[in-house]
Amino acid sequence: MAPDCLRENGIPLPEWSALSAETREHLAGQTPYRLQKIMYACEVGDVPADAFAADVAAADHRLHKLLVAEPAARRYFGDWTFAKVAHDSDPMRAAEAEYYLCDALIEYGNQHHGSVWDKTFPVLDHALYGRYGNQPTGSPAPESFPAPETAYALAPSIAGEIRWTTRTVAAAECFTELDRDYYLRKAALLDRIALLDDPLLSDDSSTETALAAALMLLDSDRTHIAPRLADRAEKDPRGYVRHQYIRRAGCVYDDAGEDGCFTRPDPGQ
């Protein structure tokens with residue numbers, strides 16, 4: 001069951017049981033990769049089993065100390081632990097634990113420390129950042145947002161996102177306000193186009209359009225996000241789009257963006 005906390009974007013986390021069977025099976029096949037990405041702040045390769053077990057035990061010790069010192073943190077974490085992800089022999093139970101624990105780590109870190117990778121976040125050991133990989137998933141420094149190549153590593157193709165946004169607008173009734181996912185995906189799409197090294201697609205106007213879309217998303221989120229994150233977003237609105245986009249990376253599953261999800265499961269696609 002999802003812990004009872006207000007999420008940064010104001011959107012409740014769907015219950016594990018509400019996800020499709022296909023989605024749950026997909027996440028079970030990846031576990032514990034998502035948790036390792038957060039623990040080591042990088043796109044991890046092979047993590048030695050004995051080292052991971054030791055890091056999990058240490059992380060649970062720090063998590064326990066946090067819950068004792070700050071009882072309100074239990075609203076985010078509930079009874080989910082690192083060990084439930086790493087040591088449960090049932091892949092589906094482990095994936096369920098990872099689903100909730102990763103969200104809790106991101107939400108608590110971002111809302112109370114400016115970033116899940118901020119060195120002041122007491123649950124993660126910043127000395128481990130980057131240990132088992134070479135490509136950071138995000139900077140532990142609160143002033144930085146994920147790099148574009150990291151934020152969009154699993155994103156659908158630009159052409160696919162253009163089709164999706166066009167189709168979504170065409171299907172909506174006149175004067176209908178679309179949901180947040182549409183504006184996030186559109187802002188990410190425009191950001192990606194502006195980053196292209198292609199004079200036919202990327203120019204000064206595409207940069208301005210990407211910035212406008214980012215500011216629109218930020219304005220709509222402003223009442224829901226932590227003040228420290230809002231301050232960072234003001235300085236880098238397009239970075240905020242990447243920050244929000246990467247947080248959806250665990251949710252999804254196909255290039256068409258069905259079921260409210262919008263990243264592809266296979267980086268090689």
Task: Closest contact, heavy atoms only, Pro156 versus Tyr245 - done: CD-OH, 3.4 Å

Open item on the list: Has Thr23 got a side-chain atom pairing as donor or acceptor with Leu19's backbone, closer than 3.5 angstrom?
Closed with: no

Task: Over 12 non-hydrogen atoms of neighbours within 6.0 angstrom of CG in Asp219 - done: yes

Task: Thr150 (side chain) donor-acceptor with Pro146 (main chain) under 3.5 angstrom - done: no

- [ ] Compare all side-chain heavy atoms of Pro91 with those of Glu25 and state whether any distance is below 4.5 angstrom.
- [x] no

Open item on the list: Just verifying a value: how many Å separate Gln36 CD and Phe52 CZ, rounded to the nearest 0.5 Å?
Closed with: 4.5 Å

Task: Interatomic distance, Arg242 atom CZ to Phe145 atom CZ [nearest 0.5 angstrom] - done: 10.0 Å

Open item on the list: Side chains of Leu211 and Pro237, heavy atoms from C-beta outward: is any pair under 4.5 Å?
Closed with: yes

Open item on the list: If hydrophobic clusters are built by linking Ile, Leu, Val, Met, Phe, Trp and Tyr wherever their side-chain heavy atoms come under 4.5 Å apart, do Tyr240 and Met216 end up in the same one?
Closed with: yes

Task: Note, Tyr100 side chain near Phe77 side chain (heavy atom, < 4.5 Å) - done: no

- [ ] Check step by step if side-chain contact (heavy atoms from CB on, under 4.5 Å) holds for Val169 and Leu178.
- [x] CA-CA 8 Å; Val169 170; Leu178 299 174; 4.3 Å; yes

- [ ] Apply salt bridge (charged side-chain N to carboxylate O under 4.0 Å, His left out) to Asp221 and list each qualifying residue two or more places apart in sequence or on a separate chain.
- [x] Arg180

Task: Linked, directly or transitively: Val123 and Leu128 (ILVMFWY side chains, under 4.5 Å) - done: yes

Task: Close side-chain approach of Arg232 to Ser115, heavy-atom, < 4.5 Å - done: yes

TODO: Following the transitive rule for hydrophobic clusters with a side-chain heavy-atom cut-off under 4.5 Å over Ile, Leu, Val, Met, Phe, Trp and Tyr, establish whether Met92 and Leu13 coincide in one cluster.
DONE: yes

TODO: Could you tell me whether the side chain of Lys84 and the main chain of Asp79 form a donor-acceptor pair under 3.5 Å?
DONE: yes

Open item on the list: Let me confirm one number: the CH2-CG distance from Trp117 to Leu105, rounded to the nearest 0.5 Å.
Closed with: 10.5 Å

Open item on the list: To the nearest 0.5 Å, what is the distance between CG on Leu195 and CD on Glu149?
Closed with: 9.0 Å

TODO: Report yes if the side chains of Val85 and Trp80 come closer than 4.5 Å at any heavy-atom pair, otherwise no.
DONE: no

Open item on the list: According to a hydrophobic-cluster definition based on side-chain heavy atoms being under 4.5 Å apart (Ile, Leu, Val, Met, Phe, Trp, Tyr only), do Leu215 and Leu184 belong together?
Closed with: no

- [ ] State, yes or no, whether a side-chain contact exists between Asp236 and His243 at a heavy-atom distance under 4.5 Å.
- [x] no

Task: Exercise: identify the closest heavy-atom pair between Tyr33 and Glu98 - done: N-OE2, 3.6 Å

Task: Test side-chain hydrogen bond (donor to acceptor under 3.5 Å, both in side chains) applied to Glu107 - qualifying residues, sequence neighbours left out - done: Gln111, Arg247

TODO: Check for a donor-acceptor pair, side chain of Glu96 on one end and backbone N or O of Trp16 on the other, with a separation under 3.5 Å.
DONE: no

Task: Side chain Glu161, main chain Leu189, donor-acceptor under 3.5 Å - done: no

Open item on the list: Quick check against the 3.5 Å criterion: does Asp191 have a side-chain atom that pairs as donor or acceptor with the backbone of Ala194?
Closed with: no

- [ ] Starting at CZ of Arg192, measure out to OG of Ser206 and round the result to the nearest 0.5 Å.
- [x] 14.0 Å

Task: Non-hydrogen atoms of Ser17 and Arg24 that approach each other most closely - done: O-NH1, 3.5 Å

- [ ] Quick one: closest heavy-atom pair of Ser157 and Gly160, and the distance?
- [x] OG-N, 2.9 Å

Open item on the list: Are the side chains of Leu218 and Val241 in contact, using a 4.5 Å heavy-atom criterion?
Closed with: no

Open item on the list: Set out, in order, the CA-CA distance, both residues' side-chain angles and the distance that settles side-chain contact (heavy atoms from CB on, under 4.5 Å) for Tyr182 and Trp164, then state yes or no.
Closed with: CA-CA 9 Å; Tyr182 169 79; Trp164 182 86; 3.7 Å; yes

TODO: Using the side-chain contact (heavy atoms from CB on, under 4.5 Å) rule, take Thr81 and Val56 through it: C-alpha gap first, then chi angles, then the decisive distance, then the call.
DONE: CA-CA 9 Å; Thr81 65; Val56 162; over 6 Å; no

Open item on the list: Test: side chain to side chain donor-acceptor pair (under 3.5 Å). Region: residues 49-65. Which pairs qualify, not counting sequence neighbours?
Closed with: Tyr40-Asp55

Task: Point-to-point distance, once rounded to the nearest 0.5 Å, from OG1 of Thr168 to CZ of Arg163 - done: 12.5 Å

Open item on the list: Between Tyr99 and Glu15, do the side chains contain a donor N or O and an acceptor N or O under 3.5 Å apart?
Closed with: no

Task: Heavy-atom pair with the smallest gap, counting every atom of Tyr132 and Ala51 - done: OH-CB, 3.3 Å

- [ ] Please check if Leu67 and Met39 belong to a single hydrophobic cluster, counting links between Ile, Leu, Val, Met, Phe, Trp and Tyr side chain heavy atoms closer than 4.5 Å.
- [x] yes

- [ ] Indicate, with yes or no, if the rings of Phe82 and His87 have centres closer together than 6.0 Å.
- [x] no

- [ ] Would you kindly say whether His112 and Tyr76 are connected by a side-chain donor-acceptor distance under 3.5 Å?
- [x] yes

Task: Minimal non-hydrogen separation, Leu190 against Ala210, with atom names - done: O-CB, 3.5 Å

Open item on the list: Between Lys119 and Leu124, does the side-chain contact (heavy atoms from CB on, under 4.5 Å) criterion hold? Intermediate values first, please.
Closed with: CA-CA 8 Å; Lys119 292 182 180 180; Leu124 300 182; over 6 Å; no

